[in-house]
There are 2 protein chains.
Amino acid sequence: MATPTPHSAPAGGLRERKKQRTHDALIRAALELFTEQGYEATTVDEIAEAVDVSQRTFFRYFANKEDVTFAVQEMVEARFLEELSARPAAEAPLTALRSAVTVAWDDIGSAIESVIPVELYMRTYQMIESTPALVAAHLRRSVELEAQLARLIARRERLDVDADPRPRVLVAAFSGVMRAAGKVWSEGEDWSVSSIRELTMSYLDHIGPAIEGDWRTRSQSQSQSR
Amino acid sequence: MATPTPHSAPAGGLRERKKQRTHDALIRAALELFTEQGYEATTVDEIAEAVDVSQRTFFRYFANKEDVTFAVQEMVEARFLEELSARPAAEAPLTALRSAVTVAWDDIGSAIESVIPVELYMRTYQMIESTPALVAAHLRRSVELEAQLARLIARRERLDVDADPRPRVLVAAFSGVMRAAGKVWSEGEDWSVSSIRELTMSYLDHIGPAIEGDWRTRSQSQSQSR
DNA sequence: GAGGATAATGACAGCCACTGACAGTTGACA
DNA sequence: TGTCAACTGTCAGTGGCTGTCATTATCCTC
């Protein structure tokens, strides 16, 4: 269903291209169905049928129902990691993380547009946050990402991840804050990219001050009422 | 299998006690089987059979296979929350969290001994950390706990969780650090309670300093090589 | 451009987690 | 002791996921 529209000539032979098309079509169909009628209410058979392949074929492309849900997310993460690696060594660790996030959000469109529209990605994100089974999967994936981040940060700072706990500690705090921002965004009403971008940034700004002890001298905090 | 040994007279009538016994027996059987032969390699039928009830009955006690895995964990968390609520208002937020953790670890025995030996709990913890499906579930549960913690902290500090991001940010960072410690412990060789207790404390000590920028002036860090 | 090697797919059977429905059993309590 | 309500077992069925094998489609070589 729907013309695949091969933008620029995709690499590889016919076999390769066909595979890519089925792969992307499965993602599109799955996310469309998930966001419309819910994750659990959608069966793998439905997805397969929408793309006109057998259920068995679906499982040859994706190890399980969860995997197809996070396929796009994975592309975004790859972009983020790439950007982080490219940050100048002079930047402080937290600053580098923050900058990489900024860049990742800024060109999310170009990173995924060949597969799905950004708007569907945003809707998917919201659906994930409101589906317990997917929240769990999302978190597990985050933890795996954290491990990579910690290694990257450690390398930048010429530290040994196993000998010095600081990279892991920083990354854990960073990720926690990112998740908190994502959750608040998903419960809000502004589903735009800029919205989550701004929210993320402001949350990151609190990471330092929030550790200190005397909160009774209320210094800042913008209203985040939902 | 095995005598249930009702220590002190458990409350309620016979029906109540019988239910409690089945409940605990299912947990024991499940954790024993999981830690011996692996989570995925153990079927619900096996667990039910070990306790001599039908599979259907298992699902009347636990919503799913995951739930039985975390039943004990839940008791420990309840203990932790209780302790946090009891901390004096004068303590700084992070200090209160840290103290509550200390206490929780200190009397973990008394909290769970009526159901399983601490040693089995420790083995279960390791199994969870090395089983992807359970890691995911564990994380989702952590997030739910975080929400409660944030509310508690906000109350202590007389803040509105929805208006001021700091409680959530602090708790996110705290939880991230706790998880990092738990993971490192599970990959190590010392399976004792004191071991994870110490590791947790030392990780928490890094939460402040790790945020700062200049890591090249290596100040501390004990060897955590595995 | 025919034909064999190889990769992708479909069809089918089967396992396991989980659920709904209904009937049988057992503890609670008048 | 009899009645009610709670608890349990049995059975049938759904959906995620896997192994196997025959079939189809692309690729590559001559």
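Numbers restart at 1 for each chain; the letters A, B, ... are given by sequence-line order, proteins then strands.
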Could you tell me whether the side chain of B:Arg17 has a donor or acceptor atom within less than 3.5 Å of a complementary atom in the base of C:dG27? no

B:Lys65 side chain: which of D:dT10, C:dG10, C:dC18 is closest? C:dC18

From CZ of B:Arg60 over to C1' of C:dT25, roughly how many Å is that when rounded to an integer? 13 Å

Assign A:Ser54 to base, sugar-phosphate, or nothing according to its heavy-atom contacts below 4.0 angstrom with the strands shown. base

Separation of atom CD in B:Glu40 from atom P in C:dA17, rounded to whole Å: 10 Å

Is the shortest distance from a Lys or Arg side-chain nitrogen in B:Glu32 or B:Arg28 to a carboxylate oxygen in the other one below 4.0 Å? no

In this structure, is the centre-to-centre distance between the rings of A:Trp185 and A:Tyr125 below 6.0 Å? yes

In whole Å, what is the span from the CZ atom of A:Phe59 to the C1' atom of C:dC12? 16 Å

Reading DNA chain C from 5' onward, which residue's closest nucleotide shows up sooner: B:Asp45 or A:Thr22? A:Thr22

Considering only NZ, NE, NH1 and NH2 on the basic side and carboxylate oxygens on the acidic side, decide whether A:Arg123 and A:Glu119 come within less than 4.0 Å. yes

Closest-nucleotide ordering on DNA chain C, the 5'-leading residue of A:Thr57 and B:Thr43: A:Thr57

Atom-to-atom span, CD of A:Glu46 to C1' of D:dG16 - whole angstrom: 14 Å

If you compare every side-chain N and O of B:Lys18 against the phosphate oxygens of D:dC7 (OP1, OP2), does one of them come in below 4.0 Å? no

Basic-acidic side-chain contact under 4.0 Å: A:Glu146, A:Arg179: yes

Measure from the side chain of A:Asn64, starting at C-beta and using heavy atoms only, and say which of D:dC17, D:dT8, D:dT18 lies closest. D:dC17

Check every atom of D:dT20, D:dG16, D:dT10 against the side chain of A:Val44 and return the nucleotide holding the closest atom. D:dG16

Rounded off to whole Å, could you give me the CD-to-P distance for the B:Glu49 and D:dG9 pair? 13 Å

Could you state the CD1-P distance from A:Ile47 to D:dC17, rounded to the nearest angstrom? 10 Å

In whole angstrom, give the distance that lies between atom CZ of A:Phe62 and atom P of D:dG15. 21 Å

Taking the minimum atom-to-atom distance to the side chain of B:Arg15, which one of D:dT10, D:dA6, C:dA7 wins? D:dA6

Tell me the interatomic distance from B:Tyr61, atom OH, to D:dA6, atom P, rounded to whole angstroms. 14 Å

Is any side-chain nitrogen or oxygen of B:Lys19 closer than 4.0 Å to OP1 or OP2 of D:dC7? yes

Any luck finding a side-chain donor-acceptor pair between B:Glu77 and B:Gln148 under 3.5 Å? no

